[in-house]
Amino acid sequence: MEEYEILLKLDRIEKRFPGVLALKSISLDVRAGEVQVLLGENGAGKSTLMKILAGEHEPTGGTIEVAGRRVSGLTPTLATELGIGLVHQELSLVPALSVTENIFLGRMPTGAFGRIDWKKAHADARHALEALGVAIDPTAEVRTLEVAEQQLIEITRALERGPRILLLDEPTSALSDSERSRLFDVIRLLKQRGHGIIYISHHLSEIPMIADRVTVLRDGIVVDTLPAAEADEETVISLMVGRQLAEQFPKRTVTLGSPALAAEHLAAGHALKDLSFTLHRGEILGVYGLMGAGQAEIAGALFGLQPARAGTISVNGAPVHFRSSADAIAAGLGLLSRDRRQSLVPMQPIGPNISLSWLAGKSLLSRLDLPREREESTRYVADLRIRPASTTHNLFFYSGGNQQKVILARWMSSGASILIFDEPTRGIDVGAKAEVFAVMSRLVAEGASILMISSELNELIGMADRVLVLRGGRISAELPRAEITQENLLRYAS
Amino acid sequence: MTADKNPDLAAEAAENRKARLRGMIFQAGPLIALVLLMAYLSFASENFLTFDNLSNVARQSAFVAILAVGQTYVILTGGIDLSVAAISALAASIAAVLLTQPLVLFGMDFGYVPVPLAVLIGLCVGIVAGGLNGWLISRFQIPDFIATLGTMTAFRGAALLVTDGLPVPSFNAGRQLPEWLIWLGGGQIFGVPVSALIALVCALAGWYVLRFTTLGRAIYAVGGNRAAAHSAGISIARTKIMTYAISGLLAAIAGIILVGRLNSANALMAEGEELRSIASVVIGGTNLFGGEGGVWGSIIGAAIIGVLGNGLNLLDVSPFWQRIAQGVVIVVVVIFDQWRRRTMTRV
């Protein structure tokens, strides 16, 4: 065995929240100069663990050692002093402040009488950004920047505090391929300098690119830690879900029926310029485009959330004009929006979240059908394997994948037959993904139609009958199932 | 609990039970606080736990309690209604003027308005004034706070116009306030104040609507996550307008009862009561940002404020100190509530 310098050692960390045991027993160590990829399904405890390390939560058991010294009562300040830096999964920037102010938040360089030395601040910020190979104006207001740029600023901020141990919680979820490779270059650089890095990801394809070791969490325990060379996708997935996934993409071929939803020359927002398509009964029609190609506007325009600038929409062959989402729901549409948080009422349990779609178009004075709500929520919890299997906990306590299942249940219960799935698997884990795909297959087999807007190549290849590729707000290609390949999708998109 | 003693299923279940129990205690926090307060006062003052005194507290708290029911609705949607007390005063003034004076419009004398119609008009004024709040907020996208701050002032002005700035009934009034109205405000059934019973009925109706109707669900959805409510096809504007109209109606009911209790109305009555209604709601555990809470908590909140005031009176605490005590209670309760939310939160 080689000798490594252990930067961080966790021993049997436990974290208990009221009613939930989030971490049962986590033991792992981080060596100097390694990237340890932390994998696990949603709800496995990754984010909780990160927050414990960053001093935001206190563990209810176990010990933490930083550089051989036992640490207790970790606070965010102490964590920073010990050289632990965390890049959050959710952006935690102040939108109205400049890039510089965000990078040096609370630590702006000051001159005489505590005056902020703006010249130095901006120069330092520019320097820090350049080290990452990022060309962002330090004086720009953060809210004017793209999400990907904001993510890079977040990383810059963490690095600027000189951490020895860097925790990255899904840093690439909002990044493009080129931005990601730039980030990876920076990570490799940090590695060489002897930093230890914990990297959380849902993208198994990133393991060979960056990982030295892979640690898999499941249900609050460490299942295994293995060298990257041994962590092929199949092994990792079976460790994560604790069972072999029968089939990641349970695609069923369904005979197509009559047109369900059609759009002619649809234009909406700034990005979507001209979109025409016909979605048939029993079909999964994929839509692919790079960031800003117009795919983000489609769902809102079709669902009556955002007025279309031009074009017509028809449902079952008849032209429709949706003034609000209530009209769209009445016409049999359902929407899984790209940001889950836009669809959930977090402080309510499953029942009210499912029955929300029944309220559309109803008189405010009408009575709720509470027995049906109870009955359906119990049924969908069992049917979609929603965990925890409780109809009394607020949705807030559920993992992303399970929250997504609740939204699926909402539209299944409302009897929607035309479903718009906008990034249906964003931020959910492998196991839940497969379950979402299985539900999609089942829905189309039952005669529904699905418009699947996605930026995940694999899932389009696995699930779609046809894919429309968008470029600059217009359709650049329509690929039949046989021609949906990574190369084709990327070629026509860029 | 240490990690090497890995919890088996029984321990897990016990832990869950404990957590649920803790959750229930948290939920019942305001009620426990009220009981403790009352227990202390019964020992500290022999006059406190008497039927007369408690019925007096109930009569005095009824007004704020009714306002608090409407305020709960508004706060559940994530709004705030600063104009409730002003609506009370406006509705009460209009009703009182119609009840005691001949109706004169544009120089034309319409004679006395029938008593039930006068009261009905008062209630409608409440609904319209509240609906106006909701309409302003949703039509022009202005913050609830600002909209109701503006209408609060304007409604008081309208009430001053209606009453000419004089108490109603004035000395030269032609007609007296009806006996039954005075009974509503000050009377009792088997010793229980009628106004407290009305407050209870309002709370019951408020609870029913929140629990069993589409409107109730829409209110929680709009307050819990506006975007989700919108994309699920719930009309935010209609929900808001309804909510404020209900708040206005309850304010009018409270105002008219207050006229009965005081045997008089004036444009500046119930000043500051909007803040007490908000305090009741917050003490009762409703989240100021919306989406969480309910009517019963607010009723308990109103009771806590009422009992506290009464108790301090009985203990001969100076009114100045009473105000300080009330302020402290509000802040302490909210601190407790925040702490509760933090410990119940899993991120």
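Each chain gets a letter, A, B and so on, in the order the sequences are listed, and its residues count up from 1. Side-chain atoms are counted along with the backbone in the values below, which use heavy atoms only and exclude waters and symmetry mates.
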*Evaluate the side chain to side chain contact (heavy atoms under 4.5 Å, CB included) criterion for residues A:Val345 and B:Arg217: first the C-alpha distance (whole Å), next the side-chain angles of each, then the deciding distance (0.1 Å), finally the verdict.*
CA-CA 11 Å; A:Val345 187; B:Arg217 222 17 110 52; over 6 Å; no

*Does A:Ser325 use its side chain to pair, donor to acceptor, with the backbone of B:Gly233 at less than 3.5 Å?*
yes

*Within the distance-only criterion (no hydrogens, no angle test), does the side chain of B:Thr214 pair as donor or acceptor with the backbone N or O of A:Ser366 below 3.5 angstrom?*
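Yes; judged by distance alone, with no hydrogens or angles, the pair exists.
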
Taking side chain as everything from C-beta outward and backbone as N, CA, C, O, which of these in [X] sits under 4.5 Å from a heavy atom of chain B? Side chain, backbone, both or neither.
X	value
A:Glu373	side chain
A:Ser363	backbone
A:Leu356	both
A:Gln348	side chain

*asked:* Once side chain to side chain contact (heavy atoms under 4.5 Å, CB included) is applied, do any residues pair with B:Ala205, and if so which ones, sequence neighbours excluded?
replied: none

_If we define contacts as heavy-atom pairs under 4.5 Å, which of B:Gly223, B:Ala218, B:Gly224, B:Ser231 has the most with chain A?_
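Among B:Gly223, B:Ala218, B:Gly224, B:Ser231, the one with the most close pairs to chain A is B:Ser231.
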
*Between B:Arg211 and chain A, which part of the residue has a heavy atom less than 4.5 Å away: side chain, backbone, both or neither?*
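Looking at B:Arg211, backbone and side chain both touch chain A.
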
*Which atoms of B:Thr239 come close to chain A, meaning under 4.5 Å heavy atom to heavy atom: side chain ones, backbone ones, both, or neither?*
both

*Kindly write out the residues that satisfy salt bridge (charged side-chain N to carboxylate O under 4.0 Å, His left out) with A:Arg323, not counting sequence neighbours, or none if the list is empty.*
A:Asp327

Atom [atom1] of residue position [X] - does it have more than 12 heavy atoms of other residues, nucleotides or ligands inside 6.0 Å?
X	atom1	answer
A:Arg372	CZ	yes
A:Arg387	CZ	yes
B:Tyr208	OH	yes

